[in-house]
There are 2 protein chains.
Amino acid sequence: MSEGRAIPEATVARLAVYLRVLGGLAGTGLGTISSEALASAAGVNSAKLRKDLSYLGSFGTRGVGYEVEVLQERISTALGVSEHRAVVLVGVGNLGLALAGYGGFRNRGFDIAGLFDSDARRIGQRIAEILVRPMSDLPAVVRRESVSIGVIATPAEAAQAVCDQLVAAGVTSILNFAPAVLVVPENVDVRKVDLAVELQILSFHEQRKSAGLKVVL
Amino acid sequence: MSEGRAIPEATVARLAVYLRVLGGLAGTGLGTISSEALASAAGVNSAKLRKDLSYLGSFGTRGVGYEVEVLQERISTALGVSEHRAVVLVGVGNLGLALAGYGGFRNRGFDIAGLFDSDARRIGQRIAEILVRPMSDLPAVVRRESVSIGVIATPAEAAQAVCDQLVAAGVTSILNFAPAVLVVPENVDVRKVDLAVELQILSFHEQRKSAGLKVVL
DNA sequence: TAGATTGTTAATCGATTAACAATC
DNA sequence: TAGATTGTTAATCGATTAACAATC
């Protein structure tokens, strides 16, 4: 059953960052990179970077560093970026448009298998070459493309109903951008992205700083 | 100098969630709520909720629960939601439009003091009643409105230049939505929101689940 | 060999959780 | 008083970090 050690979530998030930084390095002709250099480019300390990489095995060269290509390969494989994964995106408002056009998804191996909206005026449009479909098409697309991940970018009021439809269609992981708390069955994994919470946290620290209070990061 | 204990970042994030859930309860005429009830509505366990609230003092009633209004008041005050904070938003593409129109900001006490873009066609437009200005207006707006927080919603290529301009104008906290790692002076706090990393993490767990491996959450 | 850098250990730190005394 | 629920303690767990032996 269990191969390799489990990788902590915090590490998974950073691995994705390292991969992007390495991508930015492509074309510099740099064949090898030290943990110190990569860490500083990614904004973490080198001990943490080495610890993170150690979850993927040991494939650096002491006294030298890591081969950039090997590093990219290992991280990509671990994250599963090499395989394509189909996702469906529901809600084609401003945020939905931003997400559909966002290159970061495709770069990380995510293909948008379908865009869905309840607004008849949207249906039939093409966004970034992807057709906007009615919600009634959802079950068929999810089945046909073996979609297991759904992204919700609707207004808060619609989010729970959309979530239910996604679950009914067979989606088991949901990324929720709507400002609503979703109720799902046990076997479904929901993750919430709250654009405002990030701003809130930033602002909180800002206030603490100016108040001269100790700030815990 | 130091009043009250420092509140952990994870707690700050959850406090914002509790506040939203409490807001959703308004109008139900519920005068009081137990940690158990609020926790389940917010999707956390009650021990964590009580621990979180304990950073704000002790103001519940044993055997009864918390008065909803008192709770809202305490959390709002701690998070500084009661005061208005001016932010500037740079980049009025799809994501920028989504953020400008996103009610969550205003609800949490953030006023967008200015929208900025480098595209002449955007300048002069009004989005959610806010005027889109040229970058040359940035320093004046930041000074006039005492803005300390900037939000970057530009393409990756433009992000660092915009960041430099924000810092030069006097902004000390930056929320970065662009897929780029930013370099800033020591005294500036940058926080990155990577829409794709969230999807990546979700997908990673999805793969692990289907591979029958142990997943660490 | 001398210098550099990895991979890993062990210490530290912070966050979560269960449990329960306090108390309404 | 009996039942309920808070607030806090202490145990546990996981993540970060410094330090250094291994080794290129």
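Chain letters run A, B, ... following the sequence lines, proteins first and then strands; every chain starts at 1.
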For A:Leu38 and C:dT6, what is the distance between atoms CG and C1' respectively, to the nearest whole Å?
-> 14 Å
Ignoring backbone atoms, test whether A:Thr61 places a side-chain nitrogen or oxygen under 4.0 Å from the OP1 or OP2 oxygen of C:dT6.
-> no
Report the distance from atom OH of B:Tyr55 to atom P of D:dT8, rounded to the nearest whole Å.
-> 12 Å
Would you kindly give the CZ-to-C1' distance between A:Arg74 and C:dT6, to the nearest whole Å?
-> 14 Å
In plain terms, say whether A:Arg85 and A:Glu145 are close enough for a salt bridge, that is, a side-chain N and a carboxylate O under 4.0 Å apart.
-> no
B:Glu67 and B:Arg74 ion-paired at < 4.0 Å | no
According to a strict under-4.0 Å criterion, is A:Tyr66 in side-chain N/O contact with OP1 or OP2 of D:dC24?
-> no
Could you tell me whether the side chains of A:Thr11 and A:Asp52 share a donor-acceptor contact shorter than 3.5 Å?
-> yes
Of the nucleotides D:dC24, D:dT9, C:dA15, which one has an atom closest to the side chain of B:Lys51?
-> D:dT9
Separation of D:dC13 atom P from B:Lys48 atom NZ, nearest Å, is 15 Å
In whole angstroms, how far is the P atom of D:dT8 from the CG atom of B:Asp52?
-> 14 Å
Who does D:dG14 pair with, Watson-Crick or G-U, both distances under 3.5 Å?
-> C:dC13
Establish whether the base of C:dT23 is bridged to the side chain of B:Arg62 by a donor-acceptor pair shorter than 3.5 Å.
-> no
Expressed in angstrom and rounded to an integer, what is the separation of A:Glu36 atom CD from D:dT17 atom P?
-> 13 Å
Side-chain heavy atoms of B:Asp194 within contact of B:Phe177, under 4.5 Å = no
When the distance from CG of B:Leu71 to P of D:dT6 is rounded to whole Å, what number comes out?
-> 10 Å
Partner of C:dG3 by Watson-Crick or G-U wobble geometry, both contacts under 3.5 Å, or none?
-> D:dC24
Distance in angstrom units between B:Leu49 CG and D:dT5 P, rounded | 13 Å
Heavy-atom check, side chain of B:Ile149 versus side chain of B:Ile174, under 4.5 Å = no
Select from A:Gly63 and B:Leu53 the residue whose nearest nucleotide in DNA chain D is closer to the 5' end of that strand.
-> B:Leu53
Counting side-chain heavy atoms from CB outward, which of D:dG7, D:dC20, D:dT5 is closest to A:Arg50?
-> D:dC20
For the side chain of A:Asn45, starting at C-beta, report the closest nucleotide among D:dT17, C:dT5, D:dT6.
-> D:dT17
OP1 or OP2 of C:dT16 sitting under 4.0 Å from any side-chain N/O of B:Arg14?
-> yes
Do any side-chain nitrogens or oxygens of B:Ser58 fall under 4.0 Å of OP1 or OP2 in D:dT6?
-> no
